[in-house]
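Just so we're on the same page: letters track the sequence lines, and every chain starts at 1. Just so we're clear, the structure is a prediction, and the values are computed from it rather than from any experiment.
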Number of protein chains: 2
Amino acid sequence: MTDEIELPAEVTLLWGLRETVRRGRKPSLTIADITRAAVEVADAEGLAAVSMSRVAAQLGNATMALYRYVKSKDELFLLMSDAATGGPPDLPDDVDWRTGLTLWARGLLKVTRQHPWAVQLPISGPPLGPNSLRWFECALRALGETGLGEEEKVGVVMGLLTFVHGELRLSIDLSRSYTENPEAFGRQYGMALARVVDPQRFPALSNVIAAGVFEAEVPYDEEVEGEFSLGLYLDGVAAFIERRTTGQG
Amino acid sequence: MTDEIELPAEVTLLWGLRETVRRGRKPSLTIADITRAAVEVADAEGLAAVSMSRVAAQLGNATMALYRYVKSKDELFLLMSDAATGGPPDLPDDVDWRTGLTLWARGLLKVTRQHPWAVQLPISGPPLGPNSLRWFECALRALGETGLGEEEKVGVVMGLLTFVHGELRLSIDLSRSYTENPEAFGRQYGMALARVVDPQRFPALSNVIAAGVFEAEVPYDEEVEGEFSLGLYLDGVAAFIERRTTGQG
DNA sequence: CTCCGATGCGTATGGTCTACGCTTTTAGGC
DNA sequence: GCCTAAAAGCGTAGACCATACGCATCGGAG
């Protein structure tokens, strides 16, 4: 007996470990096909357009055919979530941790922005897919020579991931509402705020508005977005590594 | 003529500025009623249970009655989103910025964790609701005496908000999957990882697993969750303020 | 008291996920 | 080479959902 405990359903799905059988009709689809089709639909028409029938149509099959490959729509979402980021970049082996993590974060931001729906997926549970884990591996490797303990590395990477997730959530929201209605953004946002924000009750916010922070001529720049706070976080990491390696830990 | 440009629909909704009329039948509901009912349903049965008919039933009304108050379900989501956080805590006036922002972040984490569905709301666009803006005001105020410029303050607060959003997204996912199936978590996650992670392809990750990081006996602690990375970020902010005020900016 | 206009809401339409069972196809065993 | 079990393909149907439309009902303004 192989004495292997049963793997969670998500894992067997994401890693293609569902038992492949011999007898019976040959499958005409693969999980990869279905995932790709779903991603295409989401890219082209948004997450709301991803219905089982729409994805099936994309593949030229009937709706119910998909359920032979995927137990529920949630499983499809899980697959999409791992597919959205693809694999991590190849960092040079001798890259210093800060450059490595900067490239990592920028890279993850960039690829995810190409599939903005990924942020809206209703996923629960820790990352288990092959791509997620490759990203994780990549970041851990960048911290390889810092002298941090394993748990500390995980903490740093989780923090960075946290940051990227939050940044995506906020910036994708903004960019969507910007691309949906460019004129109504920026200036008009500032004006709406100004109309609604009572200087008595919101003195600090009023100062900000008065300083024209929300009326920037440059409306939205993905490249720059988040660089500032990313830098702050990495400064904190640097200080931590310093503290940790000068023995004051 | 009052020369007032028209406010965006979201603003009039969130701030209760929809024109109140005189003639005709009296409304039996208020937007606040509807929002409260929706929040109750979401708290009790999850976001998926929030349907127009379910919310109407909660109020003892028919489904279509809600549409006299709210143009679409998305508008209801918008209201829920602003309601989820409530107002910010009252920070002492003389609190130093770091204590203030720490309390702020912890507070925002705490209240949002009491309405975990808030993270899943499909919202796009910048925050405009009264509660969101009060939180923003609160954080800006904590940075009042740091000597930072208005734009820099906004940057710092946005970064912190980014961090909180990301933290919520990750930790709520974890806690949900934990509470759904406590036994399957922690140890089993580690074991599943170990089974699937090839040491050849995932050396760094394998090290982490081997070090037992994922088998912690303490399975999940909301209070502590995120403190580590929050500290790192605030260290970065501290360094920035230092740099900025010692004139090296 | 009358009447305009807003609210309450029943009905209907077109969409969703997915359980079930039937038909078609295929590979293994004989 | 045939038979059969097992799997894929998928049509149908049930239970929801958001919401457009139209009508009855109610209440303040005149």
Side-chain angles (χ1 to χ4, degrees), chain A residues 9 12-13 16-35 37-38 41-42 44-80 117 120-124, chain B residues 9 12-13 16-35 37-38 41-42 44-80 117 120-124:
Chain A
T12 64
L13 174 70
L17 302 177
R18 303 270 224 237
E19 69 266 50
T20 169
V21 244
R22 28 220 127 262
R23 283 267 269 275
R25 189 168 175 170
K26 244 192 262 178
S28 66
L29 298 174
T30 65
I31 287 190
D33 291 332
I34 295 175
T35 308
V41 173
E45 304 166 40
L47 188 59
V50 177
S51 68
M52 297 306 269
S53 54
R54 180 72 186 76
V55 173
Q58 188 81 2
L59 292 162
N61 283 62
T63 307
M64 293 310 292
L66 301 190
Y67 284 93
R68 294 283 175 196
Y69 300 86
V70 149
K71 277 209 269 284
S72 67
K73 195 181 180 183
D74 275 342
E75 285 203 346
L76 180 56
F77 281 155
L78 217 56
L79 290 167
M80 292 175 70
W117 42 263
Q120 306 240 7
L121 287 172
I123 304 287
S124 75
Chain B
T12 63
L13 173 71
L17 302 178
R18 304 270 223 238
E19 69 266 53
T20 170
V21 243
R22 31 216 129 265
R23 284 269 270 275
R25 190 167 171 171
K26 245 192 257 178
S28 66
L29 297 174
T30 65
I31 287 190
D33 291 332
I34 295 175
T35 308
V41 173
E45 303 167 41
L47 188 59
V50 177
S51 69
M52 298 304 271
S53 55
R54 180 72 187 75
V55 173
Q58 189 80 3
L59 291 161
N61 283 62
T63 306
M64 294 309 292
L66 301 190
Y67 284 93
R68 293 284 175 197
Y69 301 85
V70 149
K71 275 210 270 284
S72 68
K73 195 182 180 182
D74 274 341
E75 284 203 349
L76 180 56
F77 281 155
L78 217 57
L79 290 167
M80 292 175 71
W117 41 264
Q120 306 240 9
L121 288 172
I123 304 287
S124 75

Spacing between Lys71(A) atom NZ and dC17(C) atom P, to the nearest angstrom: 18 Å

The reported gap from CG in Leu79(B) to CG in Leu13(B) (rounded to nearest 0.5 angstrom) is 4.0 Å

Leading and trailing nucleotides of DNA chain D with any atom under 4.0 Å from heavy atoms of chain A: dA5(D) to dT12(D)

Dump every N/O contact between nucleotides 7-12 of chain C and the protein below 3.5 Å, one line per pair.
from: dT7(C); atom 1: O2; to: Arg25(B); atom 2: NH1; distance (Å): 3.2
from: dG8(C); atom 1: OP1; to: Ser28(B); atom 2: N; distance (Å): 2.9
from: dG8(C); atom 1: OP1; to: Ser28(B); atom 2: OG; distance (Å): 2.4
from: dG8(C); atom 1: OP1; to: Tyr69(B); atom 2: OH; distance (Å): 3.3
from: dG8(C); atom 1: OP2; to: Tyr69(B); atom 2: OH; distance (Å): 3.0
from: dG8(C); atom 1: N7; to: Arg68(B); atom 2: NE; distance (Å): 3.2
from: dG8(C); atom 1: O6; to: Arg68(B); atom 2: NH2; distance (Å): 2.4
from: dC9(C); atom 1: OP2; to: Asn61(B); atom 2: ND2; distance (Å): 3.4
from: dC9(C); atom 1: OP2; to: Ala62(B); atom 2: N; distance (Å): 3.3

On a heavy-atom basis, the closest approach of Ala42(B) and Met80(B) is CB-CE, 3.7 Å

Smallest separation among heavy atoms of Ala37(B) and Val55(B), with atom names: CB-CG1, 4.1 Å

Can you tell me the distance, in whole Å, between the CD atom of Glu75(A) and the C1' atom of dC17(C)? 14 Å

Could you walk me through whether Leu59(B) and Leu66(B) pass the side chain to side chain contact (heavy atoms under 4.5 Å, CB included) check? CA-CA 10 Å; Leu59(B) 291 161; Leu66(B) 301 190; 4.1 Å; yes

Side chain to side chain contact (heavy atoms under 4.5 Å, CB included) partner of Ile31(A), chosen from Ile34(A), Asp33(A), Thr35(A): Thr35(A)

Short of 4.0 Å, heavy atom to strand atom, which residues of residues 44-57 of chain B count as contacting DNA chain C? none

Any side-chain hydrogen bond (donor to acceptor under 3.5 Å, both in side chains) involving residues 51-65 of chain B? Give me the pairs, sequence neighbours left out, ordered by first then second residue. Glu40(B)-Gln58(B), Glu45(B)-Arg54(B), Ser51(B)-Ser53(B), Arg54(B)-Gln58(B)

Contact list for residues 65-80 of chain B, test side-chain hydrogen bond (donor to acceptor under 3.5 Å, both in side chains), sequence neighbours left out: Arg18(B)-Glu75(B)

Quick one: bend of the helix from dC1(C)-dG30(D) to dC30(C)-dG1(D) from 5 pairs per end, to 10°? 0°

